[in-house]
Amino acid sequence: MGQNFMPWALILLLGFILTFHIQLFALFYSDRDFEDDIYCQSNVAVFFSNESSQLPRTEEDLFNAWISMPRQSGRIMSNRRIAKYYLSIGVAVHHFNPEDGKYGRTVVEQTLESLVNKTSTYEKLHNFIAVIISKQMTEQNESLLVRMILRKFLYEINIGFIHIILPPLSMGMNLLLPAMNCEFNMDGAVEHITTMETASGEKIWNVHPCIQLEFMLYVWPYAKSLSENYLHIDDSLEAVRNVIGSVREFIKIQKANSKNWGLLEFYNVQFLGNVMRSQDIVKFVEFFTRARLLNSTFEMTVDLYCRLVSQTSRLLRTPEVFQSVSLTRRQHKISGEGDGDAGETRFSAEDPPGIVLSNMNHVGIHIPSLAYGSKVGYFKALMPQVGDWIVIVFDGDVVLRRIRIRTGEKMPGILNRDSFSLVKGVLEASPKVLKLDASNNFVTCADFVKIGDVGNGIVEISNFTRLLWGRTTKCLKLTVTDVDGRDVIFHQIAVN
């Protein structure tokens with residue numbers, strides 16, 4: 001039986017590989033021309049010129065110009081001041097509920113405000129945000145959304161930092177991607193929005209992956225012609241750090257290390273927070289549509305894209321620069337019950353940017369990167385063994401002042417008793433990286449110095465002047481030295 005089964009299994013495996021590569025060949029070597037700029041073919045409304053003498057436009061002028069254009073042709077509001085921007089940030093707006101504004105800021109407003117407030121004036125002149133409005137939004141809600149953006153962000157529109165895009169109604173998956181196997185009713189975008197719980201335990205908007213891909217396709221011709229790089233998010237997120245500065249620095253580090261990057265991840269939810277070269281957007285979208293026909297998981301598809309298409313590394317930046325505009329938090333604010341984060345104790349920390357690697361398997365959605373720089377959530381390791389490790393590789397050289405580590409979680413009703421705590425571990429610091437391959441979870445650092453022991457709940461280490469004599473740290477490594485056979489929760493590694 002076993003001997004007869006093996007040839008058939010091999011044949012099926014070879015067939016799968018052959019089918020996949022045939023589809024890849026068809027994808028990247030077909031005669032289909034995607035270089036036509038859809039927006040240039042349509043009578044879209046571009047309200048500004050790139051003349052430096054252009055006077056600021058008023059809210060009423062811009063709004064009247066917007067509604068004067070037919071929706072079916074698509075609409076654009078932008079002030080293109082330079083020929084090529086460094087980064088465009090696509091903010092997909094799936095729906096707009098004006099009623100949100102009764103209780104403070106709307107969700108879209110919160111997203112845009114967080115980006116605006118954390119961007120310097122210089123960066124605002126060399127990068128831009130593209131607010132992409134769903135074609136399925138009613139004309140009334142679209143008008144209310146544009147009114148809100150003009151009222152709140154008129155200055156950013158006038159200087160060219162915020163652009164507004166309504167794609168031509170003829171543009172979409174059905175036009176450009178006939179092979180897409182997405183089954184959803186496009187009568188109303190809100191029908192395709194549900195809620196999901198992230199690894200951090202927050203409830204967020206969960207939009208059908210096909211719709212996220214379609215939004216990326218909407219913005220592709222525009223972003224490709226105006227920017228070098230593209231970052232995709234939607235109005236379920238808000239920035240907690242300088243997004244543009246973080247992207248620029250992360251790319252600079254990859255170039256300094258002679259690494260050819262293809263996809264950088266700044267948030268750990270599918271399609272959101274992904275940075276790629278603007279010219280690769282359509283390649284990315286098409287790859288996912290083809291891979292979906294093979295029922296590949298999201299993680300598998302991203303890995304395949306990086307290895308087979310861009311032939312580059314896939315890197316997740318930690319700490320994340322975004323957090324969800326939590327449904328739970330918004331509902332609590334509306335009812336006056338607080339911000340939804342009560343009861344969760346987290347250390348305040350600077351958490352210098354870097355990447356987190358570990359050889360330990362994670363339980364469920366509690367991945368290693370949640371142990372460092374995350375606002376909420378934790379890394380839950382599946383029955384660690386002696387010698388297992390978790391490493392933080394910092395983007396730059398860090399001068400350590402204080403580290404606090406918490407493992408385990410409090411058991412209800414039992415005082416001073418932690419569950420899932422690390423029995424014992426050792427913490428070490430290294431000043432240099434010899435080899436790093438984040439996509440394969442591999443790192444080699446040199447000249448480690450022991451800086452403390454970890455175990456039994458909360459540990460704080462601060463006497464670095466004596467331990468490190470002023471030298472900087474590039475790698476921070478926690479190695480397991482004793483276990484009790486249970487899973488371990490790494491709740492937080494806080495670095496100052």
Side-chain angles (χ1 to χ4, degrees), residues 24 26-46 72-78 80 83-94 127-136 162-180 182 186 189 207-235 247 261-266 270-292 301-302 305-306 309-310 312:
L24 282 183
L27 170 59
F28 297 110
Y29 297 95
S30 65
D31 293 328
R32 199 182 333 168
D33 182 11
F34 289 103
E35 294 302 316
D36 294 334
D37 189 329
I38 300 297
Y39 293 99
C40 291
Q41 295 176 1
S42 305
N43 296 319
V44 298
V46 180
Q72 59 268 28
S73 299
R75 296 166 173 172
I76 294 179
M77 183 185 297
S78 70
R80 307 177 187 179
K84 203 77 170 180
Y85 294 85
Y86 179 75
L87 177 71
S88 56
I89 303 175
V91 179
V93 182
H94 314 281
N127 307 272
F128 70 89
I129 299 168
V131 179
I132 317 161
I133 302 175
S134 170
K135 298 186 302 179
Q136 310 310 315
I162 292 182
H163 301 189
I164 307 176
I165 299 175
L166 176 69
L169 299 187
S170 60
M171 183 184 184
M173 293 292 191
N174 294 333
L175 175 66
L176 295 182
L177 299 177
M180 186 64 179
C182 289
M186 293 303 292
V207 179
H208 197 295
C210 293
I211 297 179
Q212 292 289 8
L213 289 172
E214 189 165 26
F215 271 101
M216 294 177 71
L217 190 64
Y218 290 162
V219 79
W220 164 66
Y222 193 76
K224 174 177 65 76
S225 63
L226 289 182
S227 63
E228 298 175 31
N229 307 300
Y230 175 73
L231 165 63
H232 184 76
I233 64 171
D234 66 11
D235 57 350
V247 171
W261 66 274
L263 188 69
L264 305 178
E265 297 174 79
F266 287 76
Q270 59 184 14
F271 298 116
L272 301 181
N274 288 342
V275 176
M276 64 196 74
R277 292 177 177 85
S278 297
Q279 64 186 22
D280 292 338
I281 296 174
V282 74
K283 189 187 299 184
F284 180 84
V285 172
E286 280 235 319
F287 186 86
F288 267 82
T289 64
R290 304 280 180 165
R292 190 175 186 276
T301 306
V302 172
Y305 173 81
C306 291
V309 181
S310 63
T312 53

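All residue numbers refer to positions in the sequence shown, counting from 1.
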TODO: Mind listing the closest non-hydrogen atom pair of Met216 and Phe271 along with its distance?
DONE: SD-CD2, 4.5 Å

Open item on the list: Suppose we screen for side chain to side chain donor-acceptor pair (under 3.5 Å). Which residues come up paired with His232, at least two apart in sequence or across chains?
Closed with: Gln212, Tyr230

Task: Criterion side chain to side chain contact (heavy atoms under 4.5 Å, CB included) against Phe215, the qualifying member of Val91, Ile132, Asp234 - done: Ile132

Open item on the list: Can you tell me how far apart CD (Glu265) and SG (Cys306) are? Round to the nearest 0.5 Å.
Closed with: 7.5 Å

Task: Nearest non-hydrogen partners of Val275 and Trp261, listed with the distance - done: O-CZ3, 3.7 Å

Open item on the list: Testing the basics here: between Tyr86 and Val247, what is the closest heavy-atom pair and its distance to 0.1 Å?
Closed with: OH-O, 4.3 Å

Task: Nearest heavy atoms of Ile133 and Pro167, plus distance in Å - done: O-CD, 3.2 Å

Open item on the list: For Ser225 versus Lys84, what's the shortest heavy-atom pair and its separation?
Closed with: O-NZ, 3.6 Å

Open item on the list: Using 30° and 60° as the class boundaries, would you call the ring planes of Phe128 and His163 parallel, tilted or perpendicular?
Closed with: parallel

Task: side chain to side chain donor-acceptor pair (under 3.5 Å) against Ser278, all qualifying residues, sequence neighbours excluded - done: Ser227

- [ ] Hey, could you give me the OH/CG distance between Tyr85 and Asn229, rounded to the nearest 0.5 Å?
- [x] 15.0 Å

Open item on the list: Using a 3.5 Å distance criterion without hydrogens, assess whether the side chain of Ser78 forms a donor-acceptor pair with backbone atoms of Arg80.
Closed with: no

- [ ] Considering non-hydrogen atoms only, spot the tightest contact between Leu87 and Leu231 and give its length.
- [x] CD1-N, 4.0 Å

Task: Stepwise side chain to side chain donor-acceptor pair (under 3.5 Å) test for Ser88 and Tyr222 - done: CA-CA 10 Å; Ser88 56; Tyr222 193 76; over 6 Å; no

TODO: Measure the shortest side-chain to side-chain distance between Trp220 and Val285 over non-hydrogen atoms and say whether it is less than 4.5 angstrom.
DONE: no

Open item on the list: Quick check for you: to the nearest 0.5 Å, what is the distance between Leu217 atom CG and Glu286 atom CD?
Closed with: 8.5 Å

- [ ] Mind checking the CD-CD spacing from Gln279 to Glu228? Nearest 0.5 Å is all I need.
- [x] 10.0 Å

Open item on the list: Are Tyr218 and Leu166 packed together at the side-chain level, in the sense that at least one heavy-atom pair is separated by less than 4.5 angstrom?
Closed with: no

Open item on the list: With a 6.0 Å cut-off on the ring centroids, do Phe284 and Phe287 count as close?
Closed with: no

- [ ] Check the pair Asn274 / Leu264 against side chain to side chain contact (heavy atoms under 4.5 Å, CB included), numbers first and verdict last.
- [x] CA-CA 6 Å; Asn274 288 342; Leu264 305 178; over 6 Å; no

